[in-house]
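Shown next, in structure tokens, is the structure this report addresses.
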Amino acid sequence: MKKVIIDTIKNRKWTILLQTIFLGINIYLLTVPPKIIGKIVDMLYNLDENKQNILNSTYYLLGICIVLLIVRIIWKYFETVNVRKSEKEIKINMFRRFLKLKLKDIQNIKNGEIMSYFVKDINEIRSTIYRILNHGIRIIFTFIIATFQMIQDVNIYLTIAVMLPIIVGGYLVVKIKKYVEKSFKRSQEMFTQMSEYVQESTDSIKTTKAYACENDQLKEFIRKNRKVQQSNNTVEIFSNLLKISLNLCFGICYSISLLYGSKLVIDGKITVGELVAFNGYIALFVGPIKWLPQLIARFKRAQISYKRLEKLYELEPEKINQKNKIAKERLDGNINIKNLDFSYPSVIDKALENINIELKKGETLGIIGTIGSGKTTLMNLLTKLYSVPDGKILIDGKDINEIPILTLRNNICYITQDNFLFSSSLKDNISLFKDEYDDSEIEESTQKAIVYEDIQKMPKGINTIIGERGGDLSGGQKQRVAISRAFLKNSRILIFDDTFSALDNKTSEKLIENIRELSKEKTCIIISNKISDVKYSDKIIVLDNGKIVERGTHEELINNNGIYNEFYQQQSTKAESNILA
């Protein structure tokens, strides 16, 4: 994360330099009006002789104000550009990093926590960059330039006396900032918990309504929201305590200036105009004094957000960067799995044990088994969504760990069982936002997936925008839209993971026939709990508790009188009952 921030600042170094230069000019110009006003005050004692000088000084003051306005506009322009572009670059880099994370790490991060990263934490870092580039530099420049002017133009002892309360204020800031950090960390935790709850509530809204749990959900949200409010109130209390302490110190500064400064005027060591100018210089410290606690509080918040984001960047990403030419390398699709064992991280029991499969190009493998038998786990290993032991999975005789990830996944079309659809057009969902396919190819894929007629009935056809997660479509429509991707993507290996469960038998049989035609020269794997989906496969395996307990063709497995035959008998009896009914 540190490198990301440094690189972002480096990318904007010239505009940051220009911003700093114009900011310095702005601060210097702010010290000119008090000096001019002080001289005008001294000239008022001899008004008749100094009328023209007073008039000239007034014109000069007006000119300085105009120049100050122009400089401020330029400085603000560079400031806005730097802050917003820095925020954009950090978000893009973080999203790119997130996409490269391994699946096992992503699954350990809750959705609400991820949203908190992108919204609250990045905003805190962006705000801190803004404060440092704005208030931080202004504080430094103001203290250097204004203090120099106060010493040079007025009196060094008066300047030292006025600076003492500011030192005391700095000490108070150091003492109170610890409480600001602690309270803000608590606030972050409460906000994350509420975000996670809102995310879960939106995902489960159908279940909530079905069981009439709206009131219970609301009560829980109110409770979590109250905790967020209380933690935010604590943050504000300590932040305001910082501001009050420094405002008190500022008031003491003015008192010293008026009392000690008046004595210096009486003693003839400074003029009334110089005292007026001196008080004008003090006014320049109003902003920095008020910004200092805010800057420190922001910095402490950013530290907490930085540490949270750093945990994300500490996760090891997948190594998927490779040349485009290599990424498009074609595989034949010969798969050989040898004595494969696999356990999920932090789980003792094996999800897969002693798996042996040999599948040649053009063959179809059917996999059947109960829920939790390891079917999807096996496919996740084949696509390297989880780390695979060396020498256990070979494709075209080559260890899967030696095949670049992009090459592997570009040659595999994996239609997962969740049939995830984006809140976008049907065209984008089928093409997965790739521009390499034309409308005729997409249309042909929908025809083969038997969803073309359904799409034609929609308001804008293939360009119809569907709701979040495809909420506007039926379960069968969502499955067929997802299956369209297999007919569109020219992959050498096709995987259908329980993607026919929401289809009626007639549609499922027609779709299986189209898939058989598609996979004549490709390797195809069909995972299902329905015998009708896998019976035409060249090879069929039965998984149970992570082990292959049966293998063979449809006819061979029926004659074995094993688990496969039990599935067949149960589903045949159910089908006959449905016909009689």
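As a basis for the values below, the full set of heavy atoms in this structure was taken, side chains included, without hydrogen atoms, waters or symmetry mates.
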**Request:** May I have the step-by-step check of side-chain contact (heavy atoms from CB on, under 4.5 Å) for Ser537 and Leu365, ending in yes or no?
**Result:** CA-CA 6 Å; Ser537 302; Leu365 172 69; 6.0 Å; no

**Asked** Does the pair Lys506 and Lys510 meet the rule for a side-chain contact (heavy atoms from CB on, under 4.5 Å), with working shown?
**Response** CA-CA 6 Å; Lys506 183 178 179 180; Lys510 177 62 177 174; 6.0 Å; no

**Evaluation steps, side-chain contact (heavy atoms from CB on, under 4.5 Å), between Gln229 and Asn225** = CA-CA 6 Å; Gln229 178 193 6; Asn225 198 28; 5.7 Å; no

**Asked** So Asn411 and Ile395, side-chain contact (heavy atoms from CB on, under 4.5 Å) or not? Walk me through it.
**Response** CA-CA 11 Å; Asn411 281 274; Ile395 298 181; over 6 Å; no

**Prompt:** Given Lys85 and Glu89, is the salt bridge (charged side-chain N to carboxylate O under 4.0 Å, His left out) satisfied, shown in steps?
**Reply:** CA-CA 6 Å; Lys85 287 194 174 182; Glu89 290 177 13; over 6 Å; no

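Taking all atoms of both residues into account, the shortest heavy-atom contact from Asn356 to Arg551 is O-NH2, 2.7 Å. Of all the heavy atoms in Asp538 and Thr364, the pair that sits closest is OD2-N, 2.7 Å. What you find for Lys384 and Leu408 is that their closest heavy atoms are CG-CD2, 3.7 Å. Considering all non-hydrogen atoms of both residues, Thr523 and Lys361 come closest at OG1-CA, 3.5 Å. Looking at every heavy atom in both residues, Glu353 comes nearest to Lys547 through OE1-CE, 3.0 Å. Considering every non-hydrogen atom in both Asp396 and Gly333, the closest pair reads OD1-N, 3.1 Å.
Ion pairing of Glu453 with Lys457 is absent here, as no side-chain N (NZ or NE/NH1/NH2) approaches a carboxylate O to less than 4.0 Å. Contact check on Arg516 versus Glu513 returns no salt bridge, with no Lys/Arg side-chain nitrogen under 4.0 Å from an Asp/Glu carboxylate oxygen. A salt bridge links Glu444 with Lys448: at least one charged nitrogen is closer than 4.0 Å to a carboxylate oxygen.
Rounded to the nearest 0.5 Å, atoms CG (Asp332) and CG (Asn334) are 6.0 Å apart. Between Asn514 atom CG and Ser519 atom OG the span is 10.5 Å, to the nearest 0.5 Å. Rounded to the nearest 0.5 Å, atoms CD1 (Ile412) and CD1 (Ile525) are 8.0 Å apart. To the nearest 0.5 angstrom, Gln477 atom CD is 10.0 Å from Ile466 atom CD1. Atom CD of residue Glu509 and atom OH of residue Tyr536 lie 6.0 Å apart, to the nearest 0.5 angstrom. Rounding to the nearest 0.5 Å places CZ of Arg84 at 10.0 Å from CD of Glu79.
Considering only heavy atoms from C-beta on, Lys88 comes within 4.5 Å of Ile92 through its side chain. Between Asn560 and Asn565 there is no side-chain heavy-atom pair separated by less than 4.5 Å. Using a 4.5 Å heavy-atom threshold, the side chains of Leu382 and Ile393 count as touching. Residues Asp399 and Leu394 are in side-chain contact: their nearest non-hydrogen atoms beyond the backbone lie under 4.5 Å apart. Between Gln217 and Glu214, every side-chain heavy-atom pair lies at or beyond the 4.5 Å cut-off. At least one side-chain heavy atom of Ile415 sits under 4.5 Å from a side-chain heavy atom of Arg485. Ile531 places a side-chain heavy atom less than 4.5 Å from the side chain of Tyr564. Between Leu543 and Ile548, the closest side-chain pair of non-hydrogen atoms falls below 4.5 Å.
Donor-acceptor pairing under 3.5 Å is lacking for the side chains of Asn339 and Asp341. In summary, the side chains of Asn232 and Ser187 do present a donor paired with an acceptor at a separation below 3.5 Å, with no hydrogens or angles considered. Tyr414 and Ser491 share no side-chain donor-acceptor pair at under 3.5 Å.
Formation of a donor-acceptor pair under 3.5 Å by the Lys539 side chain with backbone atoms of Glu358 is found in this model. Between the side chain of Glu550 and the main chain of Ile563, a donor-acceptor pair closer than 3.5 Å is present. Between the side chain of Asp533 and the backbone N or O of Ile512, no donor-acceptor pair lies under 3.5 Å.
Note: Tyr197 and Phe221 have parallel aromatic rings, judged against thresholds of 30 and 60 degrees for the angle between ring planes.
Crowding of Asp438 atom CG: a count of heavy atoms from other residues, nucleotides or ligands under 6.0 Å exceeding 12. For Glu402, the CD atom counts as densely surrounded, since its 6.0 Å shell holds more than 12 non-hydrogen atoms of other residues, nucleotides or ligands.
Remark: of the listed residues Thr507, Asp454, Thr499, Asp454 is the sole one forming a side-chain hydrogen bond (donor to acceptor under 3.5 Å, both in side chains) with Arg480. Checked options Ile526, Val534, Thr416, Ile527; the residue passing with Phe496 is Ile526 (criterion: side-chain contact (heavy atoms from CB on, under 4.5 Å)).
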